[in-house]
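Reviewing the structure listed below.
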2 protein chains.
Amino acid sequence: MILTTAEENYLKAIYHLSDEGKKSVSTNDIAAEMKTKPASVSDMLRKLGEKSVIEYRKYYGVHITEEGKKLALQTIRKHRLWEVFLVEKLNFAWDEVHEVAEELEHIQSPLLIQRLDAYLNFPKFDPHGDPIPDEYGDVRSRPRIQLNEMEIDQSGQIAAVKDSSAAFLRYLDKVGAYIGARIKVLDKVEFDGSLEILVDQKKTLFMSKDVASNILVLQS
Amino acid sequence: MILTTAEENYLKAIYHLSDEGKKSVSTNDIAAEMKTKPASVSDMLRKLGEKSVIEYRKYYGVHITEEGKKLALQTIRKHRLWEVFLVEKLNFAWDEVHEVAEELEHIQSPLLIQRLDAYLNFPKFDPHGDPIPDEYGDVRSRPRIQLNEMEIDQSGQIAAVKDSSAAFLRYLDKVGAYIGARIKVLDKVEFDGSLEILVDQKKTLFMSKDVASNILVLQS
DNA sequence: TTATTTTTTTAGCCTTATCTAATTTCGTAA
DNA sequence: TTACGAAATTAGATAAGGCTAAAAAAATAA
């Protein structure tokens, strides 16, 4: 099954929205995610339904099929491999890579991706800590917990971020909270849920509950 | 001036066709080069004319403008840099890179190209020996001569090929005539113009005039 | 259960890039 | 200088992707 660039983007959005534990994904949600109008989404859902990458019942939202999941994971794999390339080889900052990867992920060449994967030494996670699916769509994901849910004295490593907006990533960079940083919860304020964190055994950092809830930690 | 992918491809074709010393490029020539129909070309020429990247007088063919030349050279720069990347970093064979580079050249990110250029160490020629324009569209091209026009005992380096079809490139690979190979004309057959060539001071090679005319040599 | 609001879809139009078929223009040969 | 063939352009379709406005269906409230 070959998809156009637009179809790939819709499918990826549907995959991500499905991931959030919902039974079915609504037209409006997809429109919001894709920054288009619901009318355009309806049209595209009909097309994706015909191609059997989603199950589409009018007025009742969509489910992604196994076939669709596989295709979405291929696109995600390409996106994340390119992000690794941009950061590790071309010295992009991790908050600058998303837009470009969004274009690069649509290049059609299985050989290119195979070679890129090998060249990057078969990375398992992208610069934001998200897992890179393998050729078959399998993902090795580590169990992760939101930083705001950790208890005092627990420690771990920053594994990923939930909000990967440029603004948030820049903030994290500024305070030295990179992916892989070792952290320990020194204190939690009952009142507002804000936290005091020790980063890499040297810097302490105050963080609102809001910020902490967007940071995923691999506990240790 | 921002061009769509299709417009970029047309402009590149017009640039290449202009390069062959013609005063103006015809609709039919462009259609042949782009593998589309003349009717599609007429339409596109109107659009490119409106964007002032070509000068278009109906029924009289087109001239590329300075603005158009600059844009075409930017696209060519991107194409050739990606080719270098694919061959040098991802171990593609030089006859496998064209299609993929054709897609990669349309990625829109000046920063990406700057970084890629630096990462590749500012290469001046692509794997086929064609010069890579700089950011401003300047090309350092070396004077080159067709191999079939060289005299007995003259020597030089293979600098580029005129026909870069996969079949021809594979043939060259097989006989060990890579870009940069040092060659010397040992003999020329008057009758059919075929040549006997010494490659890298060790291998001798017989070559028809036809093949030789597709190889460009930097004389020394 | 009916009425209202929200969500989704349909209908109809736009743009880009392509095509075929018909028409127009050019250049040249008679 | 006219007539003809080649080259180029226009006209009218199609397909993808997006839009607005209107209609229909579903969900919610009274």
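Here is how names work: the chains are called A, B, and so on, in the same order as the sequence lines, proteins then strands, and each is numbered from 1. What you see below is based on every heavy atom in this structure, not just the backbone, and it leaves out hydrogens, waters and symmetry mates.
Whole-Å rounding puts the A/D29 CG to C/dT6 C1' distance at 13 Å. Straight-line distance from the CD1 atom of B/I54 to the P atom of D/dA8: 13 Å, rounded to whole Å. Put simply, CZ on A/R46 is 17 Å from P on C/dT8, counting in whole angstrom units. For the pair B/E7 CD and C/dT16 C1', the interatomic distance rounds to 9 Å; values are reported in whole Å. In this structure, the CD1 atom of A/I2 is 19 Å from the P atom of D/dA15, given to the nearest Å. Taking atom OH of residue B/Y59 and atom P of nucleotide C/dT25, one finds them 5 Å apart after rounding to whole Å. Rounded to whole Å, the distance from CG on A/L45 to P on D/dA16 is 16 Å.
Within the 4.0 Å cut-off from OP1 or OP2 of C/dT6, not a single side-chain nitrogen or oxygen of A/N28 is found. In terms of phosphate contacts, A/Y60 brings a side-chain nitrogen or oxygen within less than 4.0 Å of OP1 or OP2 of D/dA26. Listed pair B/S42 / D/dT10 fails the phosphate criterion, with no side-chain N or O lying under 4.0 Å from OP1 or OP2. Taking 4.0 angstrom as the limit, B/Y56 places none of its side-chain polar atoms (N or O) nearer than this to OP1 or OP2 of D/dA8. Phosphate proximity of D/dG17 to A/T4: present, with a side-chain N or O under 4.0 Å from OP1 or OP2.
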Pair up each side-chain donor or acceptor in residues 84-94 of chain B with any protein partner under 3.5 Å, not counting sequence neighbours, and list the distances.
| from | atom 1 | to | atom 2 | distance (Å) |
| --- | --- | --- | --- | --- |
| B/W94 | NE1 | B/D173 | OD1 | 3.3 |

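Under 3.5 Å, the side chains of A/S208 and A/D210 contain no donor-acceptor pair of N or O atoms.
Between A/Y15 and A/L11, the closest side-chain pair of non-hydrogen atoms is not below 4.5 Å.
Scored by the side chain to side chain contact (heavy atoms under 4.5 Å, CB included) test, B/Q108 finds A/E103, B/E8, B/K78 as partners (sequence neighbours excluded).
Between the CG atom of B/L112 and the CG atom of A/L104 there is a distance of 6.0 Å, given to the nearest 0.5 Å.
Separation of the B/H79 and B/H98 ring centroids falls under the 6.0 Å cut-off.
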Please write out each protein N/O paired with an N/O of nucleotides 18-22 of chain C under 3.5 Å, distance rounded to 0.1 Å.
| from | atom 1 | to | atom 2 | distance (Å) |
| --- | --- | --- | --- | --- |
| C/dT18 | OP2 | B/Y10 | OH | 3.3 |
| C/dC19 | OP2 | B/K37 | N | 3.1 |
| C/dC19 | OP2 | B/S40 | OG | 2.4 |

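Looking at A/L147, A/D130, A/L169 one by one, the single match for side chain to side chain contact (heavy atoms under 4.5 Å, CB included) with A/V161 turns out to be A/L169.
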